[in-house]
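Below is one structure, written out as structure tokens, with a few remarks after it.
Keep in mind the model is a prediction, meaning the values are calculated, not measured.
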Amino acid sequence: MSEITVVKCGGNAAVDPAALCSDVADMVHAGRRVVVVHGGSADIEDVARRMGAPSRTLTSPDGVTTRYTDAEALDIVTLALAGRAKPRLLGELSRRGVTALGMTGLDGGLLRARRKRAHRARVDGRLVVVRDNHSGVVTEVNAPLIIRLLDAGLTPVISPPALAEDGRPVNADADRVAAAVAAGLDARLLVMLTGAPGVLEDPRDDASVIPVYAVASDGAVPRLGGGMSMKLLAARDALRNGVSRVVIADGRVRNPLRATGATRVVLTGAGR
């Protein structure tokens, strides 16, 4: 049985889904087993704007920013991911001869999550508790289902939402979903594509990529902009749970899965 690669396609508008799907198709046709996990922040923002429901975010005390998901926002997230972002990827893969199957975490109980009952966040400089945020953290991945799909020659394309303990959907960060899927599959490699060439020493200089970035196994992740803090948190999740290698790479280039110059994330610390 060949090793599994999990590819996280970022939702940044600059990320090129056609280029990603071209690389994924090459891997699949070469006999590699690939699972695609995607977000869709640009699509979510666009759908929210069209529906007159501006997106909101929450910033945790340690500086990590996440999407605020009330009941209306959860509907928008589901619509944007399952109705727009996923069909785009499926279409691109189909055109390249890949038999792909799109799933949310609700399908077949694919992703189980622990609902976050309360969120501590900083709003206007004050620490507040938010209780109406329909989001959660993935606690279980139906890995046997994904393996059966791969064995049948299918390429799974997965996104939130996930299924909470109460049987209702919750949003989950797609980076951390990818980490959970990679860990559940004991993947050899997790590639996280984003709208930057990797983790940058200077956020204004794309040439300042850090080739190897160490994150502590325990404690807070560094506060970096552009969603990079969440990617580092997800990378740490994956590495702590057995994924062999995690790379943060540029999703804007022609062959994103073969491009050089990306950042490899490694663990340091006692909990390693």
Side-chain angles (χ1 to χ4, degrees), residues 4-25 27-28 33-51 55 67 69 72-113 134-136 138 141-143 145-146 148-150 152-163 169-182 184-185 190-195 227 234 251-252 256-257:
I4 296 172
T5 297
V6 175
V7 178
K8 162 55 174 49
C9 178
N12 188 297
V15 174
D16 184 357
L20 159 71
C21 291
S22 178
D23 272 7
V24 169
M27 294 172 69
V28 171
R33 292 152 69 87
V34 184
V35 177
V36 178
V37 178
H38 72 89
S41 55
D43 287 310
I44 293 169
E45 296 292 337
D46 185 57
V47 171
R49 179 182 57 80
R50 290 170 182 267
M51 296 180 65
S55 297
R67 185 176 302 280
T69 313
E72 182 182 25
L74 181 60
D75 287 343
I76 291 171
V77 167
T78 304
L79 175 62
L81 297 184
R84 182 185 284 190
K86 195 183 310 297
R88 183 187 304 120
L89 292 169
L90 295 174
E92 293 287 351
L93 289 169
S94 178
R95 280 190 284 276
R96 290 162 174 80
V98 175
T99 305
L101 179 67
M103 306 175 73
T104 72
L106 307 179
D107 296 301
L110 183 63
L111 303 175
R112 302 278 179 171
H134 297 277
S135 66
V138 173
V141 175
N142 190 342
L145 174 57
I146 300 175
R148 288 197 296 271
L149 295 173
L150 291 169
L154 299 171
T155 298
V157 179
I158 299 168
S159 73
L163 196 65
V170 289
N171 189 23
D173 177 79
D175 290 325
R176 300 193 77 181
V177 167
V181 169
L185 295 172
L190 168 61
V191 181
M192 307 177 74
L193 298 177
T194 186
R252 305 167 299 176
L257 300 183

Considering all heavy atoms, the nearest [X]-[Y] contact:
X: P256; Y: G251; result: CB-CA, 4.1 Å
X: L145; Y: G108; result: CD2-O, 4.1 Å
X: V34; Y: T155; result: O-CG2, 3.4 Å
X: G39; Y: A85; result: O-CB, 3.9 Å
X: L257; Y: D23; result: N-OD2, 2.8 Å
X: M51; Y: I76; result: SD-CG1, 3.8 Å

(message) Considering only residues two or more places apart or on different chains, which pairs with a residue in residues 8-21 satisfy salt bridge (Lys or Arg N to Asp or Glu O under 4.0 Å)?
(response) K8-D175

(message) According to salt bridge (Lys or Arg N to Asp or Glu O under 4.0 Å), does anything in residues 101-112 pair up with another residue at least two apart or in another chain? List the pairs.
(response) none

(message) Can you tell me which residue among T69, V77, T104, V170 is in a side-chain contact (heavy atoms from CB on, under 4.5 Å) with P161?
(response) T104

(message) Nearest 0.5 Å, please: how far is CG in L150 from CD1 in I4?
(response) 5.5 Å

(message) Return the OG1 to CG distance between T99 and L90, rounded to the nearest 0.5 Å.
(response) 11.0 Å

(request) Could you give me the CA-CA distance, side-chain angles and deciding distance for V177 and S159, then say whether side-chain contact (heavy atoms from CB on, under 4.5 Å) is met? (result) CA-CA 8 Å; V177 167; S159 73; over 6 Å; no

(request) Indicate yes or no: does E92 engage R96 in a salt bridge with an N to O separation below 4.0 Å. (result) yes

(message) Determine whether L110 and V181 satisfy the following criterion, side-chain contact (heavy atoms from CB on, under 4.5 Å), listing intermediate values before the conclusion.
(response) CA-CA 10 Å; L110 183 63; V181 169; over 6 Å; no

(request) Flag the pair D46 / R49 as yes when at least one side-chain heavy-atom distance between them is below 4.5 Å, and no otherwise. (result) yes

(message) Quick one, V141 and L111 - any side-chain contact, counting heavy atoms below 4.5 Å?
(response) yes

(request) Decide side-chain contact (heavy atoms from CB on, under 4.5 Å) for M103 and L101; before the verdict, give the C-alpha distance in whole Å, the side-chain angles of both, and the deciding distance to 0.1 Å. (result) CA-CA 7 Å; M103 306 175 73; L101 179 67; 4.2 Å; yes

(message) Whether the side chain of S22 engages the backbone of A18 through a donor-acceptor N/O pair (distance < 3.5 Å, no angle test) should be reported.
(response) no

(message) Keeping D43 on the side-chain end and R84 on the backbone end, is there a donor-acceptor pair under 3.5 Å?
(response) no

(request) Let me see the working for L81 and H38 under side-chain contact (heavy atoms from CB on, under 4.5 Å), right down to the final yes or no. (result) CA-CA 8 Å; L81 297 184; H38 72 89; 4.3 Å; yes

(request) Name all residues meeting the side chain to side chain donor-acceptor pair (under 3.5 Å) criterion together with N142; count only those two or more places apart in sequence or in a different chain, and write none if there are none. (result) none

